[in-house]
2 protein chains.
Amino acid sequence: MSPPPRLRTATPARRKPARASRRAPRPAVATLEMVARAAGVSPSTVSRIINGTAAVSSERRLAVERAIARLDFRPNPAARGLASGRSMTVGVVTQAIDSPYYGEGLRGIEAHLQANGYAPLFMSGHWNARDEERALAQFAARRVDGVIFFAGRLGDKALAAFARLVPTVVTGRRLAGPGLASLKADDEEGARLATRHLAGLGHRRIAFLAGPGDNVDAREREAGYRRALAETGIAFDAGLVAAGDFHESGGLQAVNRLLDRGARFTALFCANDQMAQGACLALARRGLRVPADVSVVGFDDLPGSSYTIPPLTTVRQSVFALGECAARALLEMIGGRAPRLALPAVELVVRESTQRLRA
Amino acid sequence: MSPPPRLRTATPARRKPARASRRAPRPAVATLEMVARAAGVSPSTVSRIINGTAAVSSERRLAVERAIARLDFRPNPAARGLASGRSMTVGVVTQAIDSPYYGEGLRGIEAHLQANGYAPLFMSGHWNARDEERALAQFAARRVDGVIFFAGRLGDKALAAFARLVPTVVTGRRLAGPGLASLKADDEEGARLATRHLAGLGHRRIAFLAGPGDNVDAREREAGYRRALAETGIAFDAGLVAAGDFHESGGLQAVNRLLDRGARFTALFCANDQMAQGACLALARRGLRVPADVSVVGFDDLPGSSYTIPPLTTVRQSVFALGECAARALLEMIGGRAPRLALPAVELVVRESTQRLRA
DNA sequence: TGATGGCATGAAAGCGCTTTCATGTCTCCC
DNA sequence: GGGAGACATGAAAGCGCTTTCATGCCATCA
């Protein structure tokens, strides 16, 4: 095994002057000082140029830029961070890095951050407050410049307290405070759209697969379902509601429970796509066809949802955009500006899992 | 908007002695020096204790540990990185952070890294060599201690060159060199298992949806398909092979092409689950039932594959384990040890998308 | 024409750690 | 009993940047 090749500068080892016998200078990484020397200016000037923090005469600027290019100089972020107090990283707490939902959000965050010279540090909360807290502690220890908290179970109090130390953007709830901003899709409106779509197709017995009760998104989606029912003159029937956990397995079990207790319905609105997927499987197992026997609507429009069988009618809220907006708002806060908190509107995407109720 | 709350130490601002009038000392972060002072020892001793780099008398150790706890001291990673040359971060190049395949791998990486005090920095290559190269450059600039390169299109040469600078583990190909190790599942064996399963069910006309030709995994999966055919005495028929791109859409189109050119088959082996999903949809659109008319096998066993309709028979290679092993091997290399490169064996997971050929 | 600023630049002091090197104290053994 | 280590500790020099402060220079104004 070769020794770990650690990047190192060409300056002689500390207090141990380079032995003259050593031939080829080992692979070295340029430092700001080397650039300064090569360009015949002081380190301060180089710093000013790479940071654009002060005017510099164009001839020196040119010389420095050339030296930077020639030496392939890349400022050491550790040194920068130490001197400036900024790490140019932001922490991102997700629930499950491998879920399609978070994946899309992360992509949005990544895209915006990268365009601005920041790098994301990810950590999973696994839907449990302790892990989320641990992730935040880790981020604080790493001195991230800001944190994006994607959904999660951690209490508002704890989050607000953390935000006093590090600028934070949280999604999936409404919350504000010093150093804290939130971003929330209009889940109620989305659920209303979905339910009205079903009602508009003639369905009257519309079942609902709710999400976890401690999740704000889930509660708002239920509220939207109820509101649409009220608006279209359909009486709410608790017997048509079953709760899931936002996973495929939960959707499957919820439908089984519904069917086992004899609930009769011609349409089913699921609080997210993953549960809708599980629900479709449960329905298929019972010999119920989608959409011929039951129309199904999901929520989120995950990347895979256009390839399920049948392709799923769902509510699109662009998790990608959510991630992007969160990153943008966070950078604005870090920069001391007021964050813009607008999100694109939710919209219904009609595909093949819904159809008009047969007379 | 409140000013960005930057974490700062309690030491008086540089050259500008704290005005005595200032009341509450602003939220301060403890430094090693403060701990040393509080415990009545030198900074060196504190450093030795938190790093375990030398023996320290138990009384001092106790005093220091108490001081650390009381001041809630967390060493500043930037300072550490600057002084030691290690950043305690590793870069991870994935292709698409939002794909279920990579998501699972990332989870494995995250789990192992976190257990060892390292943090992952993610960046997407988007299946194109330029972005991958850019990601590597970014990582080099950020002075990561190592890199995990998850699949990708970048040439072996470029990768080997990079690995001379930063220890690197690459998956999805076989490659070794200074600072470079690779991890590769036995794709050929997996494909062989899948195809033999189909043959064992009596199928003779087994179509194959290949992956992109420039992908090693894809090529090995095709090799396994052919080998199984040969082993079971079935003649290879190029008319039963169509190429896809590892995405759902590619699988859908490939099946359409197959059917359009009149190919007749009773079984279909897809080079990955995502294509299998698209294939199932294409089949359904043509009125072909899975598995009644066509048995389908995938590859990867993605989290969602047990909830497709029907649940997919597939080859499990545990991408999670792959991620974990990659992380482990990388840390071993960083530590100057020889990396262990063993991966769990692939296995066939039989679900409901395959059935015996009806006579 | 001399005081007045503004401007570009360099010197140097840190940022908060790690890591030599030097030193003082013990213990051990011939 | 005295010298040799072994051991625990502290002093101090960086790591590679940023940022203040001081300075020399030139154009400007009354």
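Both backbone and side-chain heavy atoms feed into the values below; hydrogens, waters and symmetry mates do not. Nothing here was measured: the structure is a model prediction, and the numbers come from that model.
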Engineer: Which side-chain hydrogen bond (donor to acceptor under 3.5 Å, both in side chains) pairs, counting each pair once, include a residue from residues 48-67 of chain B, with sequence neighbours left out?
Structural biologist: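 Found B:Ser47-B:Asn51, B:Asn51-B:Arg80.
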Engineer: Restricting both atoms to N or O, compile the protein contacts to nucleotides 22-28 of chain C shorter than 3.5 Å, with distance only.
Structural biologist:
none

Engineer: Nearest to the side chain of A:Ser44, which nucleotide is it out of C:dA8, C:dT19, C:dG10?
Structural biologist: C:dG10
Engineer: Can you figure out which of C:dT18, C:dT9, D:dT9 approaches the side chain of A:Val56 most closely?
Structural biologist: C:dT9
Engineer: Hey, does B:Thr45 reach any base, or is it just sugar-phosphate, or nothing, if we go heavy atoms under 4.0 Å?
Structural biologist: sugar-phosphate
Engineer: Distance-only check: which donor-acceptor pairs under 3.5 Å involve side-chain atoms of residues 150-161 of chain A, not counting sequence neighbours?
Structural biologist:
residue, atom, partner, partner atom, Å
A:Arg153, NE, A:Asp214, OD2, 2.5
A:Arg153, NH1, A:Trp127, O, 2.6
A:Asp156, OD1, A:Arg173, NH1, 2.6

Engineer: My understanding is that only residues two or more places apart in sequence, or in another chain, count here; which of them pass side chain to side chain donor-acceptor pair (under 3.5 Å) with B:Thr89?
Structural biologist: B:Ser87
Engineer: May I have all residue pairs that pass side-chain hydrogen bond (donor to acceptor under 3.5 Å, both in side chains) and include part of residues 68-78 of chain A, sequence neighbours excluded?
Structural biologist: none
Engineer: Can you check whether A:Ser42 has a side-chain N or O nearer than 4.0 Å to OP1 or OP2 of C:dT9?
Structural biologist: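 Result: no.
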Engineer: Over how many whole Å does the gap from B:Ile50 atom CD1 to C:dC17 atom P extend?
Structural biologist: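 It is 7 Å, rounded to the nearest whole Å.
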Engineer: Output a table of donor-acceptor pairs, distance under 3.5 Å, between side-chain atoms of residues 105-124 of chain A and any protein atom two or more places apart or on a different chain; print 'none' if there are none.
Structural biologist:
residue, atom, partner, partner atom, Å
A:Arg107, NE, B:Asp98, OD2, 2.8
A:Glu110, OE1, B:Ser124, OG, 2.9
A:Glu110, OE2, B:Ser124, N, 2.6
A:Glu110, OE2, B:Ser124, OG, 3.3
A:Asn116, ND2, A:His112, O, 2.8
A:Ser124, OG, B:Glu110, OE1, 2.9
A:Ser124, OG, B:Glu110, OE2, 3.3

Engineer: Sequence neighbours excluded, which residues qualify as salt bridge (Lys or Arg N to Asp or Glu O under 4.0 Å) partners of B:Arg134?
Structural biologist: B:Asp131
Engineer: Does any residue of residues 59-82 of chain B have a heavy atom under 4.0 Å from DNA chain D, and if so, which ones, in number order?
Structural biologist: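 Within this stretch, B:Arg60, B:Leu82 sit under 4.0 Å of the strand.
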Engineer: Tell me if a side-chain donor or acceptor on A:Thr168 pairs with a main-chain N or O of A:Val166 at a distance below 3.5 Å.
Structural biologist: yes
Engineer: Going by salt bridge (charged side-chain N to carboxylate O under 4.0 Å, His left out), name the pairs with one or both residues in residues 113-122 of chain A, residues two or more places apart or in two chains.
Structural biologist: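 Salt bridge (charged side-chain N to carboxylate O under 4.0 Å, His left out) check on residues 113-122 of chain A returns no pairs.
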Engineer: Taking atom P of C:dA12 as reference, at what distance in whole Å does atom CG of A:Leu32 sit?
Structural biologist: 17 Å
